[in-house]
Q: 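Sharing a structure, written as structure tokens. Questions coming.
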Number of protein chains: 2
Amino acid sequence: MPQLGLLPRRTWVTLLSQLLRPPRAVCISAVGCHSQVAEALLTSQPKPHQEKQNFIIKIPKGTRDLSPQQMVVREKILDMVVSCFKRHGAKSLDTPAFELTEMLTEKYEEHSGLMYDLKDQGGELLSLRYDLTVPFARYLAMNKLKKMKRYQVGKVWRRESPTIVQGRYREFCQCDFDIAGHFDPMIPDAECLKIMCEVLSGLQLGDFLIKVNDRRIVDGMFAVCGVPESKFRAICASMDKLDKMSWRDVRHEMVAKKGLAPEVADRIGEYIQCHGGVSLIEQLFQDPRLSQNKQALEGLGDLKLLFEYLTLFGIAEKICFDLSLARGMDYYTGVIYEAVLLQTPAQAGEEPLNVGSVAAGGRYDELVATFDPKGHKVPCVGLSIGIERIFYIVEQRMKNSFKKVRTTETQVFVATPQKNFLRERLKLIAELWDAGIKAEMLYKNNPKLLTQLHYCENTGIPLVVIIGEQEQKEGVIKLRSVASREEVAIKRENLVAEIQKRLSES
Amino acid sequence: MPQLGLLPRRTWVTLLSQLLRPPRAVCISAVGCHSQVAEALLTSQPKPHQEKQNFIIKIPKGTRDLSPQQMVVREKILDMVVSCFKRHGAKSLDTPAFELTEMLTEKYEEHSGLMYDLKDQGGELLSLRYDLTVPFARYLAMNKLKKMKRYQVGKVWRRESPTIVQGRYREFCQCDFDIAGHFDPMIPDAECLKIMCEVLSGLQLGDFLIKVNDRRIVDGMFAVCGVPESKFRAICASMDKLDKMSWRDVRHEMVAKKGLAPEVADRIGEYIQCHGGVSLIEQLFQDPRLSQNKQALEGLGDLKLLFEYLTLFGIAEKICFDLSLARGMDYYTGVIYEAVLLQTPAQAGEEPLNVGSVAAGGRYDELVATFDPKGHKVPCVGLSIGIERIFYIVEQRMKNSFKKVRTTETQVFVATPQKNFLRERLKLIAELWDAGIKAEMLYKNNPKLLTQLHYCENTGIPLVVIIGEQEQKEGVIKLRSVASREEVAIKRENLVAEIQKRLSES
């Protein structure tokens with residue numbers, strides 16, 4: 001993987017400026033535009049054919065192809081994220097796209113109906129992975145690993161109703177970083193929050209805030225409010241909808257659907273309005289009801305320590321202790337967190353971006369033990385970057401900027417102004433490839449020079465080498481800069497060295 | 001993606017040398033070893049727990065996890081392959097892991113029983129992709145693209161009996177490069193063969209040979225031997241097994257299972273012994289039977305032109321015209337090719353590596369039209385790198401060399417010799433991260449210095465910064481080289497600059 005990490009913010013700016021070339025006469029809405037305009041230089045003559053009846057070509061609901069323009073942007077974002085994970089000493093891991101169904105069931109409870117199952121074709125019962133966390137826990141238990149700091153980038157699949165317009169799909173990519181092992185409290189947890197800050201600052205998505213809470217505080221709050229223990233997870237799942245629904249609607253779900261007493265719901269309603277920093281932690285330590293709950297006190301104690309470390313990391317002002325944060329996954333046991341973007345006035349001209357959380361995670365100390373025959377515990381804490389939503393935001397911004405993305409990295413184009421120079425071009429381009437130079441030519445015996453030069457302008461190739469009768473006679477090659485249109489003659493045998501010199505200077 | 005392409009061979013050597021550090025006192029069979037030896041510095045005390053009955057934790061048949069050691073090697077190989085694809089001007093594309101089943105059926109005929117179908121959960125009928133070629137053709141047709149040069153790296157799934165020992169899995173990665181569009185004959189085809197040569201030379205897998213044939217020659221040969229046209233594809237599929245079975249067994253299958261007359265099989269048997277270069281093409285032009293077949297003559301004419309271009313590319317000596325080559329996929333229509341490694345005497349000490357083909361491809365001019373309602377044709381030619389087999393070979397070689405792979409890129413470790421320095425370490429490491437330096441520390445309040453230094457030695461971290469009482473008093477930090485054990489005191493405020501200087505020099 002590339003070493004993009006040395007100066008994250010500056011590197012990202014450089015990368016973006018490489019991506020974005022000044023718009024040309026014809027503005028192309030670059031990212032997300034599936035038509036390959038640059039490709040359409042030569043027209044082809046399709047042969048007539050009898051039409052097929054009712055043949056509609058499409059892809060599965062909630063999925064999408066990623067065009068070259070989209071892939072360029074996505075790869076830059078992923079490089080940025082992965083370089084941050086590597087900066088924190090993480091190793092890479094890959095697991096299969098599907099797992100034995102029995103390995104996944106019971107891990108997601110409220111969500112397991114959303115898993116994609118494979119058809120029973122006479123073998124094992126299999127399901128596509130729903131996230132990267134459960135396979136990681138399965139990997140740790142299966143290999144009896146007691147500690148590991150790993151990252152994983154990969155697709156996961158969920159049969160949700162896709163709201164594609166906001167970057168939610170049934171197939172989507174996750175970027176996970178996790179720390180497994182028995183360690184002193186809150187040190188790895190603080191590092192996870194530091195990583196979320198580094199990624200979100202590095203990607204320059206605008207101002208953001210990370211909400212923090214603790215499952216033990218959530219459960220403690222439920223207990224002192226009078227929620228029966230059997231309803232903890234169900235009420236927690238309702239609370240998790242607060243970013244999409246108002247408290248009124250969440251309260252209604254708790255009471256009408258989950259059978260909670262109205263006064264219990266109202267007590268919860270009071271607590272979840274609380275958000276703040278260290279002072280809120282101190283305040284809750286004094287709370288007459290919460291201070292009676294052992295679990296809640298443990299959670300508060302850990303959060304206090306966490307904030308101390310976050311201050312040392314210089315990121316405390318990005319973190320907000322928020323009692324309304326619940327997180328959907330059943331496997332969380334301790335600290336939980338979720339990053340949201342704040343809409344700043346400067347971006348008022350843009351379409352409102354309501355993308356929900358862009359990164360989230362938490363501590364899950366019991367998950368690995370559920371895979372271990374002897375129930376050995378491996379405490380874990382981690383985070384997941386919501387790369388699809390980030391990608392959606394960057395894509396929107398680039399669309400609004402009308403800038404064109406280069407989808408190839410070709411450095412040199414091999415052209416000729418004359419007929420019957422195919423063989424010379426083939427020899428020349430092979431020489432460039434063998435020297436590691438990124439080179440293209442048109443796959444035509446006798447292309448027109450103008451067509452060749454247009455191809456370079458349309459695809460952003462900076463240099464052209466031109467060989468013709470005159471050059472061949474003189475033992476030279478013309479080297480042309482596409483931007484300045486300047487041409488110089490270079491001795492045939494010096495060509496590769498000269499190109500390499502120019503490329504290293506640019 | 002990284003710019004690894006400038007000097008492929010040299011770059012690869014550099015990469016490998018970065019991967020391989022001298023073996024330490026305890027030799028670890030590095031790649032493929034799932035136990036995280038370097039991680040096991042601190043032992044944990046798992047709590048007793050009641051044992052679960054009959055709980056076996058495993059992953060689906062024919063799949064595997066890729067450990068950090070394996071991922072490091074795999075990513076270097078993939079970087080190498082992708083940089084070659086980019087050197088030839090290819091764009092990146094991604095398609096979903098599954099497609100509508102109806103998009104895939106009829107594309108693989110003899111193989112479609114090996115597709116993974118998804119369970120019907122009340123939506124569309126879906127299947128996991130079987131290769132990257134059919135989704136590419138579907139993408140072209142769906143977006144009405146008439147030309148595109150793209151690469152795609154991704155997993156595909158086939159329900160074959162896995163022979164895992166030779167690097168064959170049910171889930172495996174493919175690296176595809178394809179050129180779609182109407183072009184002058186054999187120019188893109190020659191480039192595909194050039195790319196295969198560049199990748200295989202660049203990866204230094206030893207000597208190799210690329211077998212070339214043409215589906216029109218295969219069909220022409222079948223026709224003049226007396227194979228009924230209805231049996232062409234079935235006999236072709238039998239012929240494709242010649243790399244795993246003897247001619248005797250293949251002939252038996254043709255006669256006993258596919259109902260071919262023995263004398264017809266024998267005529268085929270004579271032809272498929274032919275392999276050679278341009279002279280064989282000339283010889284077959286004169287063949288009394290084959291020269292009467294229009295298809296075969298077209299194929300021979302194109303192959304002749306192809307060899308001319310391969311000579312200009314300087315790779316003709318790596319290519320062998322081989323009449324026994326058939327290729328399994330039904331969609332090929334023209335030139336086909338397959339690269340095999342040649343066992344050289346120099347590698348005699350190693351386990352024999354019988355891995356079959358490591359790269360293959362061909363021309364498929366009709367596939368896109370099958371997706372187009374009007375049957376518009378987009379001719380295509382492409383190749384697929386058998387990355388799993390290449391990975392298997394590199395893995396075996398590394399196992400034999402007893403060299404240890406670094407699985408992290410951490411540059412600096414933050415240590416302390418004293419108790420109660422956690423806060424100082426946290427402040428210091430955040431400063432390093434913010435400067436883009438890859439840094440780690442132990443997640444302990446009061447780790448022993450020896451434990452910290454051992455961690456660096458075991459994981460290959462080159463530099464240690466040490467902060468203690470003495471250093472704090474003097475306003476300095478000690479910077480230690482792990483290899484030389486030399487320590488120098490550096491002013492606290494100059495630390496980041498000094499580390500960056502050292503890292504840029506190394």
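Each chain gets a letter, A, B and so on, in the order the sequences are listed, and its residues count up from 1. Predicted, not measured: the structure shown is a model, and the values here were computed from it.
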Q: Quick check on the interface: out of B/Ala430, B/Gly89, B/Pro60, who has the most heavy-atom pairs with chain A under 4.5 Å?
A: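 Counting heavy-atom pairs under 4.5 Å, the top option is B/Pro60.
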Q: Taking side chain as everything from C-beta outward and backbone as N, CA, C, O, which of these in B/Met142 sits under 4.5 Å from a heavy atom of chain A? Side chain, backbone, both or neither.
A: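 Backbone plus side chain of B/Met142, per the 4.5 Å heavy-atom cut-off to chain A.
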Q: So which of B/Arg159, B/Glu102, B/Arg74 has the biggest tally of heavy-atom pairs under 4.5 Å with chain A?
A: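 Answer, by heavy-atom pair count under 4.5 Å with chain A: B/Arg159.
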Q: Report which part of B/Gln121 has an atom under 4.5 Å of a heavy atom belonging to chain A: side chain, backbone, both, or neither.
A: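 Both backbone and side chain.
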Q: Do you know which of A/Ile429, A/Leu128, A/Ile59 has the most heavy-atom pairs with chain B at a distance under 4.5 angstrom?
A: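 Answer, by heavy-atom pair count under 4.5 Å with chain B: A/Ile59.
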Q: Checking heavy atoms, do the side chain of B/Glu99, its backbone, both or neither come under 4.5 Å from chain A?
A: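 Answer is both: backbone and side chain atoms of B/Glu99 are under 4.5 Å from chain A.
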Q: Is there side-chain contact between B/Lys149 and B/Glu191, with at least one heavy-atom pair below 4.5 Å?
A: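 Yes; the side chains approach each other to less than 4.5 Å.
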Q: Does any heavy atom of chain B fall under 4.5 Å from the side chain of A/Lys155, the backbone, both, or neither of them?
A: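 Contact with chain B: side chain only.
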Q: Is B/Lys194 close to chain A through its backbone or its side chain, or both, or neither, when contacts mean heavy atoms under 4.5 Å?
A: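 Contact with chain A is through the side chain of B/Lys194 alone.
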Q: Side chain, backbone, both or neither: which part of B/Leu432 has a non-hydrogen atom closer than 4.5 Å to chain A?
A: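 No part of it gets close to chain A.
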Q: B/Met186 versus chain A, heavy atoms under 4.5 Å apart: side chain, backbone, both or neither?
A: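 Neither part.
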Q: Any chance you could measure A/Asp184, atom CG, to B/Asn445, atom CG, to the nearest 0.5 Å?
A: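 Rounded to the nearest 0.5 Å, the CG-CG separation comes out at 4.0 Å.
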Q: Under a 4.5 Å heavy-atom cut-off, does chain B meet the side chain of A/Leu126, its backbone, both or neither?
A: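 Just its side chain gets close to chain B.
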Q: Does any heavy atom of chain B fall under 4.5 Å from the side chain of A/Ala97, the backbone, both, or neither of them?
A: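 Backbone plus side chain of A/Ala97, per the 4.5 Å heavy-atom cut-off to chain B.
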Q: Taking side chain as C-beta onward, heavy atoms only, is A/Pro68 less than 4.5 Å from B/Met148?
A: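 A/Pro68 reaches B/Met148 side chain to side chain.
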Q: Contact between B/Thr459 and B/Phe413 at the side-chain level, heavy atoms closer than 4.5 Å - yes or no?
A: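 A side-chain contact under 4.5 Å is absent here.
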Q: State which residues pass ring pair (Phe, Tyr, Trp, His ring centres under 6.0 Å) with B/Phe136; sequence neighbours excluded, sorted by chain then number.
A: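 Applying ring pair (Phe, Tyr, Trp, His ring centres under 6.0 Å) to B/Phe136 gives none.
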Q: Using a cut-off of under 4.5 Å for heavy-atom pairs, which of B/Asn446, B/Val378, B/Leu426 has the most such pairs with chain A?
A: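 Of the candidates given, the most pairs with chain A belong to B/Leu426.
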Q: Quick check for you: among B/Glu124, B/Lys427, B/Glu424, which has the greatest number of heavy-atom pairs under 4.5 Å with chain A?
A: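 Maximum pair count with chain A is reached by B/Glu124.
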Q: Pick whichever of B/Pro135, B/Ala90, B/Ala190, B/Ala439 has the most heavy-atom pairs under 4.5 Å with chain A.
A: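 Option with the greatest count: B/Ala439.
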Q: So for B/Glu308, is it side chain, backbone, both, or neither that comes closer than 4.5 Å to the heavy atoms of chain A?
A: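 It is the side chain, since no backbone atom gets that close.
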Q: Sequence neighbours excluded, which residues qualify as ring pair (Phe, Tyr, Trp, His ring centres under 6.0 Å) partners of B/Tyr309?
A: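 If we apply the ring pair (Phe, Tyr, Trp, His ring centres under 6.0 Å) test to B/Tyr309, skipping adjacent residues, there are no hits.
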Q: Of the listed residues (A/Thr410, A/Leu118, A/Thr95, A/Thr408), which shares the most heavy-atom pairs with chain B below a 4.5 Å separation?
A: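 Highest number of pairs under 4.5 Å: A/Leu118.
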Q: Identify which part of A/Arg150 has an atom lying under 4.5 Å from any heavy atom of chain B, answering side chain, backbone, both or neither.
A: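 Neither part; nothing is under 4.5 Å.
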Q: So, A/Glu75 versus B/Ser92: side-chain donor-acceptor pair below 3.5 Å or not?
A: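 There is such a pair (donor and acceptor under 3.5 Å, judged by atom type) between the side chains of A/Glu75 and B/Ser92.
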Q: Name the orientation class of the two ring planes belonging to A/Phe183 and B/Tyr443 (parallel below 30°, tilted from 30 to 60°, perpendicular beyond 60°).
A: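 A/Phe183 vs B/Tyr443 ring planes: perpendicular.
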Q: Flag the pair B/Ile461 / B/Tyr455 as yes when at least one side-chain heavy-atom distance between them is below 4.5 Å, and no otherwise.
A: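 A side-chain contact under 4.5 Å exists here.
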Q: Tell me, for B/Lys144 versus chain A, whether the close heavy atoms (under 4.5 Å) come from the side chain, the backbone, both or neither.
A: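 It is neither, since no heavy atom gets under 4.5 Å.
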Q: Is there a side-chain contact between A/Ile57 and B/Arg138 in this structure, where contact means two heavy atoms from C-beta onward sitting under 4.5 Å apart?
A: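 Sidechains of B/Arg138 and A/Ile57: in contact.
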Q: With no hydrogens and no angle check, just 3.5 Å: does a side-chain donor-acceptor pair link B/His88 and A/Glu440?
A: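 B/His88 vs A/Glu440: no donor-acceptor pair found between side chains.
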Q: Measure B/Ile315 against the heavy atoms of chain A and call it side chain, backbone, both or neither at under 4.5 Å.
A: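 Neither; nothing under 4.5 Å.
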Q: Before giving the answer on side chain to side chain contact (heavy atoms under 4.5 Å, CB included), spell out for A/Arg87 and B/Glu409 the whole-Å C-alpha distance, their side-chain angles and the decisive distance to 0.1 Å.
A: CA-CA 7 Å; A/Arg87 191 158 62 238; B/Glu409 297 177 6; over 6 Å; no
Q: Based on non-hydrogen pairs under 4.5 Å, which of A/Asp94, A/Thr311, A/Leu125 is most in contact with chain B?
A: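 Heavy-atom pairs under 4.5 Å are most numerous for A/Asp94.
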Q: For this output row, return yes or no: ring centroids of A/Tyr116 and B/Phe98 closer than 6.0 angstrom.
A: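 Yes, they do, as the ring centres are separated by less than 6.0 Å.
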